[in-house]
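Only one structure is covered here, and it is reproduced in the block below.
Atom set for the values below is all heavy atoms of this structure, side chains included, hydrogens, waters and symmetry mates excluded. To find a chain, count down the sequence lines: A is the first, B the second, and so on, and within it residues start at 1.
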There are 2 protein chains.
Amino acid sequence: MNKIEIFKALSNETRLNIIEWLKEPEKNFPPQGEHFDYSIDLKGGVCVGSICDKAGISQSTISHYLDILQKADLLLAERHGKWTYYRRNEETLAEMAEYFNREI
Amino acid sequence: MNKIEIFKALSNETRLNIIEWLKEPEKNFPPQGEHFDYSIDLKGGVCVGSICDKAGISQSTISHYLDILQKADLLLAERHGKWTYYRRNEETLAEMAEYFNREI
DNA sequence: TTATTATATCCATTTATCTCGATATGTCAA
DNA sequence: TTGACATATCGAGATAAATGGATATAATAA
């Protein structure tokens, strides 16, 4: 767990929003994966387009932000067809909360 | 509590170290305030010079870092004579831990 | 195969951060 | 009042981050 990288990733309003939004994806985003006729467990993941719409920021910037969050291990990505679904990496987030409680 | 400003302030190895070091000042720094013949409660505060020595970074940079941490409400400063003593602002740190536990 | 859609990557410009040496300011001691 | 010391501020060059448009890649649909 790279704390500096994590703090940097969270040092941006939009990126922090993304993390918070993804805590309750069904509340903050439209239903996902309705294109598929077969059933897939998206595990709460949300596609890039939905995040762009919500954030109101260009697609290239959002894609870059998601990459930053993923590299910091704050998000997990899973591709299904044309879509990439991003969801929170609860493991790192829990470690981070614990670090805050313990060391900070 | 400005979360973005706080995350930015913590996004630097040395600044994060300072926050951690100041959790146990007597363990991480030499005794403070021995110059004074009268008694002052420094509340665990440490002077800039001691922090410079510990961090091995230039005085101007440390002073700037302390300013960044203070502006983010992570540190409190108190001047006594020639010296400025910095200590943690436990209130903000506790709020931040709570935010992490609740929202993140 | 081709057209279309979703996402990722590239490139460039602007803005912010890092870090230092030099200097200013504030405080005390002689 | 001067000198010495602790800290703060200034100015600058180097590096990194922010952001978007254009384009590439990947996957599907026609």
Side-chain angles (χ1 to χ4, degrees), chain A residues 2 4-18 29-38 40 42 45-72 74-87, chain B residues 2 4-18 29-38 40 42 45-72 74-87:
Chain A
N2 185 335
I4 300 301
E5 193 178 5
I6 289 173
F7 283 131
K8 276 187 190 165
L10 298 176
S11 297
N12 174 284
E13 194 75 45
T14 301
R15 290 195 301 261
L16 188 56
N17 282 335
I18 291 171
F29 300 98
Q32 300 290 307
E34 299 206 319
H35 331 274
F36 304 113
D37 47 352
Y38 48 97
I40 294 174
L42 297 177
V46 173
C47 71
V48 180
S50 294
I51 298 173
C52 284
D53 292 346
K54 177 93 177 172
I57 283 183
S58 80
Q59 185 268 324
S60 67
T61 299
I62 291 295
S63 184
H64 182 211
Y65 282 177
L66 293 169
D67 191 51
I68 288 170
L69 289 167
Q70 193 187 4
K71 283 188 172 131
L74 292 170
L75 291 185
L76 295 168
E78 208 163 296
R79 182 142 205 173
H80 292 283
K82 298 193 269 194
W83 295 270
T84 307
Y85 295 89
Y86 286 89
R87 65 181 195 274
Chain B
N2 185 331
I4 300 301
E5 194 180 3
I6 288 172
F7 283 132
K8 277 186 189 169
L10 297 176
S11 296
N12 173 284
E13 194 76 45
T14 301
R15 290 196 297 262
L16 188 57
N17 282 335
I18 290 171
F29 299 98
Q32 299 290 307
E34 300 206 321
H35 330 276
F36 302 114
D37 46 355
Y38 48 96
I40 294 173
L42 297 176
V46 173
C47 72
V48 179
S50 293
I51 298 173
C52 284
D53 293 347
K54 177 91 176 175
I57 285 184
S58 81
Q59 185 269 322
S60 66
T61 299
I62 291 295
S63 183
H64 183 212
Y65 282 178
L66 293 170
D67 191 51
I68 288 170
L69 290 167
Q70 193 188 2
K71 283 187 171 131
L74 293 170
L75 291 185
L76 295 168
E78 208 162 297
R79 183 143 203 175
H80 291 284
K82 299 192 268 194
W83 295 271
T84 307
Y85 294 90
Y86 286 89
R87 65 182 194 274

Length of the CD1-P vector between B:Ile62 and C:dG21, whole Å
13 Å
Search all heavy atoms of B:Thr84 against all heavy atoms of B:Ala77 and return the closest pair with its distance.
CG2-CB, 4.0 Å
Identified side-chain contact (heavy atoms from CB on, under 4.5 Å) partner of B:Tyr86 from the options B:Val48, B:Leu76, B:Ile62:
B:Val48
What is the distance from CG of B:Leu66 to P of D:dA6, rounded to the nearest Å?
16 Å
Which salt bridge (charged side-chain N to carboxylate O under 4.0 Å, His left out) pairs, counting each pair once, include a residue from residues 49-67 of chain A, with sequence neighbours left out?
A:Asp67-A:Lys71
Check the distance between D:dA6's C1' and B:Phe36's CZ and give it to me in whole angstrom.
11 Å
d(CZ, B:Phe7; P, D:dA17) in whole Å
17 Å
Which heavy atom in B:Ala55 sits nearest to a heavy atom in B:Thr14, and how many Å separate them?
CB-CG2, 4.0 Å
With B:Ser63 via side-chain hydrogen bond (donor to acceptor under 3.5 Å, both in side chains) - residues at least two apart
none
So, for A:Ala72 and A:Ile6, which heavy atoms are closest and what is the spacing to 0.1 Å?
O-CG1, 3.6 Å
Of residues 47-57 of chain B, the positions that come close to DNA chain C - non-hydrogen atoms, cut-off under 4.0 Å:
B:Ile57
Counting N and O atoms only, with roles assigned by atom type, does the side chain of B:Glu78 sit under 3.5 Å from a partner on the main chain of B:Leu42, one being a donor and the other an acceptor?
no
For nucleotides 15-18 of chain C, print each protein N/O atom paired with a nucleotide N/O atom at under 3.5 Å, atom names and distance only.
from	atom 1	to	atom 2	distance (Å)
C:dC18	OP1	B:Arg15	NH2	3.2
C:dC18	OP2	B:Arg15	NH1	3.2

Look at the aromatic rings of A:Phe36 and A:Trp83 and report parallel, tilted or perpendicular, splitting at 30° and 60°.
perpendicular
In whole Å, what is the span from the OH atom of A:Tyr85 to the P atom of C:dA6?
10 Å
Rounded distance in Å - CG (A:Leu69) to C1' (D:dA18)
14 Å
Shorter than 3.5 Å, N or O on both sides, protein versus nucleotides 22-30 of chain C: list them out with atom names.
none

Grab the CD1-C1' distance between A:Ile40 and D:dT28 for me, whole Å please.
13 Å
So which atom in B:Gly45 and which in B:Arg87 form the shortest heavy-atom distance, rounded to 0.1 Å?
CA-CB, 3.8 Å
From CG of A:Asp67 across to P of C:dC10 the rounded distance in Å is 11 Å
Contact class for B:Tyr86 (heavy atom, under 4.0 Å): base, sugar-phosphate, or nothing?
sugar-phosphate
Does any pair with a residue in residues 5-17 of chain A pass salt bridge (charged side-chain N to carboxylate O under 4.0 Å, His left out), and if so which ones, sequence neighbours excluded?
none
Determine whether A:Ile68 and A:Asn12 make a side-chain contact, defined as any pair of heavy atoms from C-beta on separated by less than 4.5 Å.
no
